[in-house]
2 protein chains.
Amino acid sequence: MPDETDQILIAALMEDSRRSLKALAQISGLSSPSVAERLRRLEERGVLTAYTVTVDPKSFGYQLQAIVRIRPMPGRMHAIERLIQAIPEFTECDKVTGEDCFVARLNVRSMEQLDAILDKLSDQAETNTSIVKTTPVKRRLPPLKHYATTPEK
Amino acid sequence: MPDETDQILIAALMEDSRRSLKALAQISGLSSPSVAERLRRLEERGVLTAYTVTVDPKSFGYQLQAIVRIRPMPGRMHAIERLIQAIPEFTECDKVTGEDCFVARLNVRSMEQLDAILDKLSDQAETNTSIVKTTPVKRRLPPLKHYATTPEK
DNA sequence: AATGAAAGCGGACCGTT
DNA sequence: AACGGTCCGCTTTCATT
């Protein structure tokens, strides 16, 4: 389990993954070789899974974002799963318990494109689409503390 | 709108946001000062919105992930929105059209914690919870091409 | 597992095209 | 808007604790 120093490093990288080892060293109170060593181990252990960027989809003309719940018809589950994976406008998808097998995020340029994509699923699944209006919570980390110091308020 | 070189840079950073300017220069066929200049402009224009890391929640004991749809009772929408924001285990939340006002992602350590958190909403909203079993599509970028060279297969 | 020293490489700032 | 050159600073390696 990551210790407190690891958590400081992770939080610092979450804010800005391009921070230099030296900057991370200052933040954590370690030397830069130690930081490098810790990052290496965190990657190795699968704690840090990716260094990545966030892009504004609107900059690329993706004016609409939708959450689509998908309920495949009997026997069509694998086909639907492959279809979702093959359509790049689905930028995220979870397989979940309950009636809706999949919950996916869809980025499209227009209502017409939304319709066209949902249409591809329509012969093998029922879909339920909600257009994203705003995002009250942007992707963030859950609390990283080991011990539940906060009694789960 | 970002040109093709910008797209190459963005895709390269999406894969690994810690790539050096020199590495990005080689990938894109530019010099490193030019790469630095382009990144600066992409940030300025709000195309690149963050450099960040992805963490495995399980490494921190978050054994369960759920998608929660939340339908506030009349007049309780703002209160619910603030509540979601205040509970750090909600790591993502969109406000959407339709009956369910919010769709949120919840990370918890146990079923008990799941219950405890949903309980906090229960007097002001109806919730519908789906446990995430697998993630067929991990967060990715939609196609970045300007022109729809792919006729939306 | 972390440190300091040293060497090698990358980034930032020039002036130029 | 991109380039090459230069200088400075960071990263990486290694020996040490």
Side-chain angles (χ1 to χ4, degrees), chain A residues 1-62 141 143-149, chain B residues 1-62 141 143-149:
Chain A
M1 200 108 150
D3 69 13
E4 213 176 312
T5 306
D6 290 329
Q7 292 171 19
I8 292 169
L9 293 174
I10 290 168
L13 285 170
M14 186 90 185
E15 274 180 20
D16 179 4
S17 62
R18 284 184 74 79
R19 277 203 239 251
S20 67
L21 295 178
K22 191 176 190 191
L24 294 170
Q26 284 167 204
I27 292 169
S28 62
L30 296 176
S31 63
S32 16
S34 302
V35 172
E37 183 58 15
R38 275 182 182 260
L39 294 187
R40 201 193 54 69
R41 284 198 301 264
L42 286 170
E43 293 160 22
E44 193 180 54
R45 287 156 52 200
V47 178
L48 278 172
T49 52
Y51 299 90
T52 187
V53 287
T54 292
V55 172
D56 176 21
K58 287 199 181 162
S59 309
F60 289 94
Y62 290 95
L141 284 183
L144 299 184
K145 304 256 169 293
H146 300 121
Y147 324 98
T149 45
Chain B
M1 201 109 150
D3 69 13
E4 214 176 310
T5 306
D6 289 329
Q7 292 171 19
I8 292 169
L9 293 174
I10 291 168
L13 286 170
M14 186 89 185
E15 273 179 20
D16 178 5
S17 62
R18 284 185 74 79
R19 277 202 237 252
S20 67
L21 294 180
K22 192 175 191 194
L24 294 169
Q26 284 167 204
I27 292 168
S28 62
L30 296 176
S31 64
S32 21
S34 302
V35 172
E37 187 50 23
R38 275 181 181 260
L39 294 188
R40 202 193 52 70
R41 284 198 300 265
L42 286 170
E43 293 160 22
E44 193 181 53
R45 286 156 52 200
V47 178
L48 278 172
T49 52
Y51 299 90
T52 188
V53 288
T54 292
V55 172
D56 175 23
K58 287 198 179 160
S59 309
F60 289 93
Y62 291 95
L141 284 183
L144 299 183
K145 302 257 168 297
H146 301 120
Y147 325 98
T149 45

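By convention in this document, chain letters (A, B, ...) are assigned in the order of the sequence lines, proteins followed by strands, and residues within each chain are numbered from 1.
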- [ ] Output, in order, the C-alpha distance, side-chain angles, deciding distance and verdict of side chain to side chain contact (heavy atoms under 4.5 Å, CB included) for B:I10 and B:L13.
- [x] CA-CA 5 Å; B:I10 291 168; B:L13 286 170; 5.8 Å; no

Task: Distance below 4.0 Å between A:S31 side-chain N/O and C:dT3 OP1 or OP2 - done: yes

Task: C:dA12 OP1/OP2 closer than 4.0 Å to side-chain N/O of B:R40 - done: no

Protein-nucleotide distance ([X], atom [atom1]; [N], atom [atom2]), rounded to Å:
X: A:E44; N: C:dA1; atom1: CD; atom2: C1'; value: 14 Å
X: B:Q26; N: D:dC3; atom1: CD; atom2: P; value: 13 Å
X: A:L30; N: D:dC10; atom1: CG; atom2: C1'; value: 17 Å
X: B:L24; N: C:dG10; atom1: CG; atom2: C1'; value: 12 Å
X: A:E4; N: C:dA1; atom1: CD; atom2: P; value: 18 Å
X: A:D6; N: C:dA2; atom1: CG; atom2: C1'; value: 13 Å

Tell me if a side-chain donor or acceptor on [X] pairs with a main-chain N or O of [Y] at a distance below 3.5 Å.
X: A:R19; Y: A:A12; result: yes
X: A:Y62; Y: B:P143; result: yes
X: B:T49; Y: A:T54; result: yes
X: B:T52; Y: A:V53; result: no

Protein and nucleotides 11-17 of chain D: nitrogen or oxygen contacts under 3.5 angstrom:
residue, atom, partner, partner atom, Å
D:dT11, OP1, A:L21, N, 2.8
D:dT11, OP2, A:L21, N, 3.2
D:dT11, OP2, A:K22, N, 2.8

Open item on the list: So if I apply the side-chain hydrogen bond (donor to acceptor under 3.5 Å, both in side chains) rule between B:R41 and each of B:E43, B:E37, B:E44, which one comes out positive?
Closed with: B:E37

- [ ] Compare the minimum distances between each of C:dA1, D:dC3, D:dA1 and the side chain of A:R41, then state the nucleotide with the smallest one.
- [x] C:dA1

